[in-house]
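Here is the structure we will look at, set down as structure tokens.
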There are 2 protein chains.
Amino acid sequence: MTRPPTNATGPAQRVTSLDVSRVAGVSQSAVSRAFTPGASISPETRRRVLEAAQRLGYQPNAIARSLVTQRSGIVALIVGELHNPFYPQALSQFAQALEMRGKRALLLTHDARRDVQETLEAARSYQIEAAIVFPTRLNAAPPSLGNVEEGGIPVLLFNRHLPGHQLLSVACDNYRGGRLAAQVLLDAGSRQPAFIGGDPDTSTHQDRLRGFTERLAEAGVRPVATPARAFQYDWGVQATLHLDAAGDRPDAFFGANDIVAIGILDALRTLGRRVPQEVSVIGFDNIEESARLAYRLTTIGQPLEAMVEDALRALEDPQPGEGPRLHPGELIWRDTVAGSRP
Amino acid sequence: MTRPPTNATGPAQRVTSLDVSRVAGVSQSAVSRAFTPGASISPETRRRVLEAAQRLGYQPNAIARSLVTQRSGIVALIVGELHNPFYPQALSQFAQALEMRGKRALLLTHDARRDVQETLEAARSYQIEAAIVFPTRLNAAPPSLGNVEEGGIPVLLFNRHLPGHQLLSVACDNYRGGRLAAQVLLDAGSRQPAFIGGDPDTSTHQDRLRGFTERLAEAGVRPVATPARAFQYDWGVQATLHLDAAGDRPDAFFGANDIVAIGILDALRTLGRRVPQEVSVIGFDNIEESARLAYRLTTIGQPLEAMVEDALRALEDPQPGEGPRLHPGELIWRDTVAGSRP
DNA sequence: CTGAAAGCGCTTACAG
DNA sequence: CTGAAAGCGCTTACAG
């Protein structure tokens, strides 16, 4: 132990490749090579370096490496509010998938005070290689996100797309998902379905709504109501209650996402309307909560894992100008839609 | 526009302080000073630098800065599975609080294949200034976590503590929370309460159980059962069903956390037992889901914001050897415990 | 207040 | 395969 990694007083002394090279009796370059896969170094030299490194508790400094290689290995994950459990799940998947590829996830937030653009700018100083942005409202996004791409950092929108903008994006095929939801409700015999929307300024809301109404129209059915406000539980409850108070009695509901659908279910319970005997309910996302015995929500599940993998692939080889990459939603049949599994 | 930040072919050219200095007609040091708060630089020079920087789209390279200042400004957040919504909330709070302090959160995961120690080692290469570890089982932690602290990086355990180990930790006062839960159930008239535990190898489980049974004992009451397994919904359901099948009919339940308590509520609904008329239920955490109309779970809420702030404070000035920093839980009175609010 | 220069800890041509 | 040296983009004494 010539030079322990810590000393009693003061902060720990960093062990550098130079320290290791001295102990191993080789050059500093050799130490670097021992830690670079594929570098030309003899097995014997590598062994001695690794042994010395082990003794000293040495680990290459990724910061210094980044500086010279011009690759930080850092990908920014920019999240807003995490009220929808779908996003933490996505977040955790991304972090893991990134680690598998030897990359790191830098977690950043945006909110009303700090918009995505500002956050992205700040992230740039860490020389991020790419950024994945979790849902924002459509209107907030375009001008800002465009700029950053110019900065040379590929940005990908997860679970949203920006119509008319050239940003990379990966999302569920919400239009087809909306159609599927309509199909399921029609099959259940619904003739007066309602759509309880989420944030109307989002592509998720818009696409699901469009798919839903179009499929309905093909069957000669018009939704009795399509109020929209937010992807929130309280809104699902409130919208359902208001509809009922106004005398509207839909025979089925499509909640813009599971959180909203769960609000609908709870409101229906309050109103004493039986699900699925009197009214059917379908959601979108397939979050864990939807499987609870109290809900057993039938829903359109998003293929999260595939979406995450695809997002990372898209970022590795960004083709500017390509449209959103869409993944098909899958019907998760549970107990809130009348009739039997299609 | 002498030198645009991007060029049509190839990757974007990075703009450095040297580029800015040339445009502004000052030295490279001056550019650095213009971006260093408190550095000695004339207002006029700073203005010219900032203007040139603006023109070129320059932003200091945080990686290069880290290398020379020996401060990365990066704090690692190490998370396991995110099935409990309490953690995403904590995560998001940490990320925001860190940003407020001009720091960045590096998100890392640990799981069965990659334990905390391994993850922490990997994080070290990014010269992290501190690490916050989200729940792990007790038995997995000690040997590993100890080592890392030796490496000079303060590590803090969030929502857990390791009895007998000198790690920093911030948690809810689970012992007192357990006592409070017992008190609430006793006040509701319970004489045969059950505790449905979480992962028995965690301090959260152990402390809550201990507080609960001790307070009960003081009132001459013994819990009818205290099975433990996991902090999961399915386990809450299963444990309750098993108890019932075995002929045990507790008049009240304390779920080790809200997820478990929600499982208990759903199982009770299945069994046709009315809450709170026939049986009371109390949980721990106060996650969003507990407020749903379908549950309205009475619970012990954790003061998340205060805990996050305290954790960051503890990390800024780590006092090795100090015990866990405990925060009092707060009774959130809803509809699952008999009687009226104490 | 300012600039020239050293140096943070690495990687990577280059020459041997 | 190996080592000496340049250089990544900054900050910070040092001298003026």
Side-chain angles (χ1 to χ4, degrees), chain A residues 3 5 11-50 52-53 56-74 102 124-129, chain B residues 3 5 11-50 52-53 56-74 124-129 152:
Chain A
R3 196 176 154 182
Q13 198 80 37
R14 297 196 194 200
V15 183
T16 74
S17 58
L18 199 62
D19 297 322
V20 176
S21 72
R22 280 198 276 257
V23 170
V26 297
S27 72
Q28 183 269 328
S29 329
V31 176
S32 175
R33 293 194 182 101
F35 284 93
T36 306
S40 88
I41 185 173
S42 73
E44 168 58 10
T45 306
R46 153 169 276 135
R47 196 191 55 68
R48 283 169 55 195
V49 169
L50 262 25
L56 302 182
Y58 168 78
Q59 231 188 338
N61 181 329
I63 296 286
R65 171 187 291 156
S66 300
L67 191 59
V68 24
T69 59
Q70 307 274 47
R71 315 211 69 216
S72 66
I74 297 177
R124 254 186 42 181
S125 71
Y126 276 89
Q127 314 303 111
I128 54 171
E129 295 181 355
Chain B
R3 196 178 154 177
Q13 199 79 36
R14 297 196 193 199
V15 183
T16 73
S17 57
L18 198 61
D19 298 321
V20 176
S21 72
R22 280 197 276 256
V23 170
V26 296
S27 72
Q28 183 269 330
S29 328
V31 176
S32 174
R33 292 195 181 99
F35 284 93
T36 307
S40 88
I41 185 173
S42 73
E44 167 58 11
T45 306
R46 150 169 278 135
R47 197 191 55 68
R48 284 169 53 196
V49 169
L50 262 25
L56 302 182
Y58 169 77
Q59 230 189 341
N61 181 328
I63 296 285
R65 172 186 289 155
S66 298
L67 191 58
V68 22
T69 60
Q70 306 274 47
R71 313 212 72 216
S72 67
I74 297 176
R124 254 186 43 180
S125 70
Y126 277 87
Q127 313 304 111
I128 55 171
E129 295 181 354

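Chain A is the first sequence line, chain B the second, and so forth, proteins listed ahead of strands; every chain is numbered from 1.
Remark: the Q28(A) side chain and the S17(A) side chain contain an N/O donor-acceptor pair separated by less than 3.5 Å. For the residue pair T45(B)/S42(B), the side-chain donor-acceptor check at 3.5 Å is satisfied.
Atom pair Y126(B):OH and dG9(C):C1' shows a separation of 15 Å (rounding to whole Å applied). D19(A) places its CG atom 9 Å from the P atom of dC10(C), with the value rounded to the nearest Å. Atoms CG (N61(A)) and C1' (dG9(C)) sit 6 Å apart, rounded to a whole Å. Atom P of nucleotide dG9(C) and atom CD of Q70(A) are separated by 19 Å, given to the nearest angstrom. Counting to the nearest Å, the C1' atom of dT11(C) and the CG atom of L67(B) are 13 Å from each other. dC8(D) atom P lies 16 Å from atom CD1 of I63(B), rounded to whole Å. Spacing between atom CZ of R71(A) and atom P of dG9(C) amounts to 24 Å, rounded to whole angstrom units. Between the CG atom of L18(A) and the P atom of dA4(D) there is a distance of 11 Å, given to the nearest Å.
The shortest distance between the side-chain N/O atoms of T16(B) and the OP1/OP2 oxygens of dG9(D) is not below 4.0 Å. A sub-4.0 Å separation between OP1 or OP2 of dG9(D) and a side-chain N or O of S17(B) is absent. Considering only side-chain N and O atoms, Y58(B) lies under 4.0 angstrom from the phosphate OP1 or OP2 of dC10(D).
Counting only heavy atoms from C-beta on, R14(A) has its side chain closest to dG9(C) among dA4(C), dG9(C), dG3(D).
Of the residues in residues 29-48 of chain A, those with a non-hydrogen atom less than 4.0 angstrom from any atom of DNA chain D are S29(A), A30(A), R33(A), S40(A), I41(A), S42(A), T45(A).
At a threshold of 4.0 angstrom between heavy atoms, the contacts of Q28(A) include nucleobase atoms, whether or not backbone atoms are also involved.
The number of heavy atoms from other shown groups lying within 6.0 Å of CZ (R47(B)) is above 12.
Of the candidates D19(B), V49(B), V31(B), V31(B) is the only one forming a side chain to side chain contact (heavy atoms under 4.5 Å, CB included) with Y58(B).
The main-chain N or O of Q127(B) is found under 3.5 Å from a side-chain atom of S72(B) such that the two form a donor-acceptor pair. A distance-only check finds a donor-acceptor pair linking the side chain of R14(B) to the backbone of Q70(A) [under 3.5 Å]. Counting only distance, with no hydrogens or angles, the side chain of R33(B) and the backbone of A39(B) share no donor-acceptor pair below 3.5 Å.
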## Note on the structure
Under the rule of Watson-Crick or G-U wobble with both distances under 3.5 Å, where | means paired to another strand and [ ] a crossing pair, DNA chain D maps to |||.||||||||.|||
#### Entry: Y126(A)/I74(B) under side-chain contact (heavy atoms from CB on, under 4.5 Å): CA gap, chis, key distance, verdict
CA-CA 10 Å; Y126(A) 276 89; I74(B) 297 176; 3.9 Å; yes
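I63(B) and L67(A) get closest at one heavy-atom pair: CG2-N, 4.1 Å.
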